[in-house]
Number of protein chains: 4
Amino acid sequence: MINTEPQNRRERRIAARQEQILEAASIIFSTKGYERATTREIAEAADVSEGTLYNYFDNKIDLLNGVARGFADEITQKIEAIEANNLEDMMAQLLTDRFRSGRERRLFMLFLYEARLNPEVHRYYGQEALQRIISATEKRFRSLIDAGVMRPVDPDVAARAISATIMGFAALYELGQHKAQDNNRFSAERWGSEVTDLFLNGLQVISRADGEGK
Amino acid sequence: MINTEPQNRRERRIAARQEQILEAASIIFSTKGYERATTREIAEAADVSEGTLYNYFDNKIDLLNGVARGFADEITQKIEAIEANNLEDMMAQLLTDRFRSGRERRLFMLFLYEARLNPEVHRYYGQEALQRIISATEKRFRSLIDAGVMRPVDPDVAARAISATIMGFAALYELGQHKAQDNNRFSAERWGSEVTDLFLNGLQVISRADGEGK
Amino acid sequence: MINTEPQNRRERRIAARQEQILEAASIIFSTKGYERATTREIAEAADVSEGTLYNYFDNKIDLLNGVARGFADEITQKIEAIEANNLEDMMAQLLTDRFRSGRERRLFMLFLYEARLNPEVHRYYGQEALQRIISATEKRFRSLIDAGVMRPVDPDVAARAISATIMGFAALYELGQHKAQDNNRFSAERWGSEVTDLFLNGLQVISRADGEGK
Amino acid sequence: MINTEPQNRRERRIAARQEQILEAASIIFSTKGYERATTREIAEAADVSEGTLYNYFDNKIDLLNGVARGFADEITQKIEAIEANNLEDMMAQLLTDRFRSGRERRLFMLFLYEARLNPEVHRYYGQEALQRIISATEKRFRSLIDAGVMRPVDPDVAARAISATIMGFAALYELGQHKAQDNNRFSAERWGSEVTDLFLNGLQVISRADGEGK
DNA sequence: AATGAATGAGACTTCATTCAT
DNA sequence: TATGAATGAAGTCTCATTCAT
């Protein structure tokens, strides 16, 4: 019998149970938000009793922190895994990927919103997780600037701008979902390419080099 | 004796009272979010009894809708009032204004977040208030495109991109506020001009090598 | 100018206003019951302000007492006005009249129910008004017994039995109203005659005189 | 080991708890009526917290429906259990039983009154519980008619008349209770036999002159 | 005398958390 | 370790009554 990471069977079972609860919490929180989600429905979704929840997590906010941790890990990993050496491909992947999963969109919003209201989420998500996401983006930008394919803007500002836009769109996108009539206006691909174009080429007419600036 | 708008003293007092309640609600909601705000503290902030709240608004969500209405009015008015006929100035004002007021930033987040979770807010804010804000922006863009100073991008997409970015930044900004040490990194002016540059000139280096850098 | 009862114009106006409020209260109370009726809707139905209600009545229960007083007056008067010297006619009138007006049926129920819960209503309605109604009925019975057309039962018991039956039927009738399909089963006339028959002739077969009793 | 009904200890405890809550609710509702009863006092009477109430019943009205169900069960069972093959005995038992328990009398009134005002109670009590009680009575009457000891009146009308009378008396009786001086006038037994006589023999003197008077 | 805005006690209900089994 | 019944604090909302205008 091979024990890879979690030493014995018991610890593996515990880890699995925790994962199962976090998965359920992630679904419920992303759907209903933190305040409106109840521990009862999280327990039901995880197929455990409410009491069991409290064997694995101290309280409701600890559950949210657990979800935040997993979410941040997943996003950073995805961003770091993007393989693209021209700017256009990278942007397209960065944006389109973010728009694709409904749960991801909603979790983005959730944490952004909750981080301001909840000190624990703020400490964990606002200062740590988000930092890692922005840093991962920044690193990609820096290498593209070094490669000469991206304008030498402040890569930190650019990374934040991209992140902010993604998060803002996540919200707009969710709202648009409700309108059935013009679904195509809101496809992840369409938004991805349109916004990529904006970010790559800016709003100004190309012939601006002749000095209409400020 | 001519009574122009609020006919008599009583009606004036009632209008003032409604305003006073909305102002209090706006502060509390923007600070604590919808669910965490209690009618008790809104009443206290408005210096009236809880019962009085319900003489002016049907229920808690109606209070939020009242705030949303005022918010949308104010923003659209501000956007329409921007006087600028070059793109850069307009963008700078549009963005900087939005980053300036903490309450405005937080309300942007609040409505965006709540609109997905609460059907009533969605109906009112997501489909009416937000629409007006985006339309006002779109109209500005369209005239700039007609004037030939802005690339002929889809003005609806651009307006949404700007709005999304503003909302995303509103969130990032609020999180940054907590870090006292590098306050200057997050001044409305700095963000305004950096993001303006990004939006105007894009990230790409190509075909713009003739020196438009800042 | 003739001043009959309420001496001057002012007193007449006051009496009229009181009547108008009582009429409204009677409608609302009979429809919704005491607890579920609100002073606001009574005021609206009377077309006066809530404040005015309290200029004419001390409080909500005083309104109910006022309605009870008028109701008892009206019923006793009606019972005393019945002209019939055979038992069958009298019973038919007594019962059918009581079943005819929806408001009267509901007020019967209302006072019966409230009298137990509310000391004031109990004192006024349960001990005084109801007493008058029963006495009026009793007096009619006594004269019929004296005339030899009615069995010499205890007229008090008989009067109470009739009153009880009327009140019970009032309730059953109201419930039946909701069923549209067999409306005719519940017409005042049908009930009146069926119950008259029961009360006049009893349930036992006529040939019981030959001793199947206990 | 055979577990017949309430399988294990836990389930037995839960059933007992539900019963304990219903018993408390029955007392409070019958004493104060539905609107005046508060969930707080029901909880106190049941010796549980208010929260626990809501683990067993959805809301206040569900609590009343629970009481109604038990009430209807009990009454129908009692009526069906009456052993009497002559009309007089049966009537005497039917009436006297109904007059005996104060709580039963008050619940009769309560449901009759509430059924008109509350759609949920109407649906449950007015159309189901009451129906069962009347049907049980009707069935008894029908068999007595078949046996030839009861006049062939419409058994449905007779059952309703009896039920109505019982309910009406329940109300009168309760009012009378307050008068301490002539308690004996209102004993269940006295009313039972007097009203039995009325119902059996009717009020009319005719064609019965052959001496059945009591 | 009439008005109706203001009040605040109190009602019902929810839900995170605990703890005996 | 898992369960879920019990808890009770806290939230939203209603409504009889008062009182300045």
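Chain letters run A, B, ... following the sequence lines, proteins first, then strands; residues in each count from 1. This one's a predicted model, so the numbers in the text were calculated from it and none came from an experiment.
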Item to check | Interatomic distance where CZ belongs to B:Arg13 and P belongs to E:dA5 [whole Å] | outcome: 9 Å
Next on the checklist: Just to be sure I understand the rule, does B:Leu53 reach a base, reach only the sugar-phosphate, or reach nothing, if contact means heavy atoms closer than 4.0 Å?
Outcome noted: nothing
Checklist entry - Under 4.0 Å between a Lys/Arg side-chain N and an Asp/Glu carboxylate O for A:Glu23 and A:Arg103? => result yes
Checklist entry - Rounded to the Å, how far apart are C:Arg36 CZ and F:dC15 P? => result 11 Å
Checklist entry - Rounded to the nearest 0.5 Å, how far apart are CD1 of B:Ile27 and NZ of B:Lys32? => result 13.5 Å
Next on the checklist: Applying the Watson-Crick and G-U wobble criteria at under 3.5 Å, what pairs with E:dA1? Answer none if nothing qualifies.
Outcome noted: none
Item to check | Rounded distance [0.5 Å steps], CZ in B:Phe29 versus CD in B:Glu114 | outcome: 9.0 Å
Checklist entry - In whole angstrom, what separates B:Arg12's CZ from E:dA5's C1'? => result 17 Å
Item to check | Nucleotide E:dT18, atom C1' - distance to CG of A:Asp58 in whole Å | outcome: 14 Å
Checklist entry - With a non-hydrogen cut-off below 4.0 angstrom, is B:Ala43 in contact with a base, only sugar-phosphate, or nothing? => result nothing
Next on the checklist: Nearest whole Å is fine: how far is E:dA11 C1' from D:Ile28 CD1?
Outcome noted: 15 Å
Checklist entry - From D:Asn55 CG over to D:Glu50 CD, what is the distance, rounded to the nearest 0.5 angstrom? => result 12.5 Å
Checklist entry - Is there a side-chain polar atom (N or O) of B:Tyr56 under 4.0 Å from OP1 or OP2 of E:dA6? => result yes
Item to check | F:dT3 pairs with, by Watson-Crick or G-U criteria that keep both distances under 3.5 Å | outcome: E:dA20
Checklist entry - OP1 or OP2 of F:dT17 less than 4.0 angstrom from a side-chain nitrogen or oxygen of C:Tyr54, does that happen here? => result yes
Checklist entry - Are the side chain of A:Lys60 and the backbone of A:Ala37 linked by a donor-acceptor contact shorter than 3.5 Å? => result yes
Checklist entry - Looking at F:dT3, F:dA16, E:dA6, which one has an atom nearest to any side-chain atom of A:Asn55? => result F:dT3
Checklist entry - Given atom CD of C:Glu50 and atom P of E:dT3, what is their separation to the nearest angstrom? => result 11 Å
Item to check | Nearest listed nucleotide, side chain of C:Lys60, among E:dC12, F:dT17, E:dT3 | outcome: F:dT17
Item to check | Under 4.0 angstrom between A:Thr38 side-chain N/O and E:dC15 OP1 or OP2 | outcome: no
Next on the checklist: Please determine whether a side-chain nitrogen or oxygen atom of C:Arg40 lies at a distance below 4.0 Å from atom OP1 or OP2 of F:dT14.
Outcome noted: no
Checklist outcome for this item: Which of E:dC12, F:dT3, F:dT7 is nearest the side chain of D:Arg10? It is F:dT3
Checklist entry - Rounded to whole angstroms, how far apart are CG on A:Asp47 and P on F:dT1? => result 19 Å
Next on the checklist: Let's test your reading of the model: under 3.5 Å, does the base of E:dA16 pair with the side chain of A:Asn59 as donor and acceptor?
Outcome noted: no
Checklist entry - Would you say F:dA16 has OP1 or OP2 under 4.0 Å from some side-chain N or O of C:Thr39? => result yes
Item to check | Candidate nucleotides F:dA2, E:dC12, F:dT7, ranked by approach to the side chain of A:Thr52 - the nearest | outcome: F:dA2
Next on the checklist: Taking 4.0 Å as the cut-off, does a side-chain nitrogen or oxygen of B:Arg17 come that near to OP1 or OP2 on E:dA6?
Outcome noted: yes
Item to check | Residue closer to the 5' end of DNA chain E, A:Gly51 versus B:Ser49 (nearest nucleotide) | outcome: B:Ser49
Checklist entry - Roughly how many Å is it from CD in B:Gln18 to C1' in E:dA5, rounded to a whole number? => result 13 Å
Checklist entry - Taking the six-membered ring for Trp, are D:Phe108 and D:Phe71 parallel (under 30°), tilted (30 to 60°) or perpendicular (over 60°)? => result perpendicular
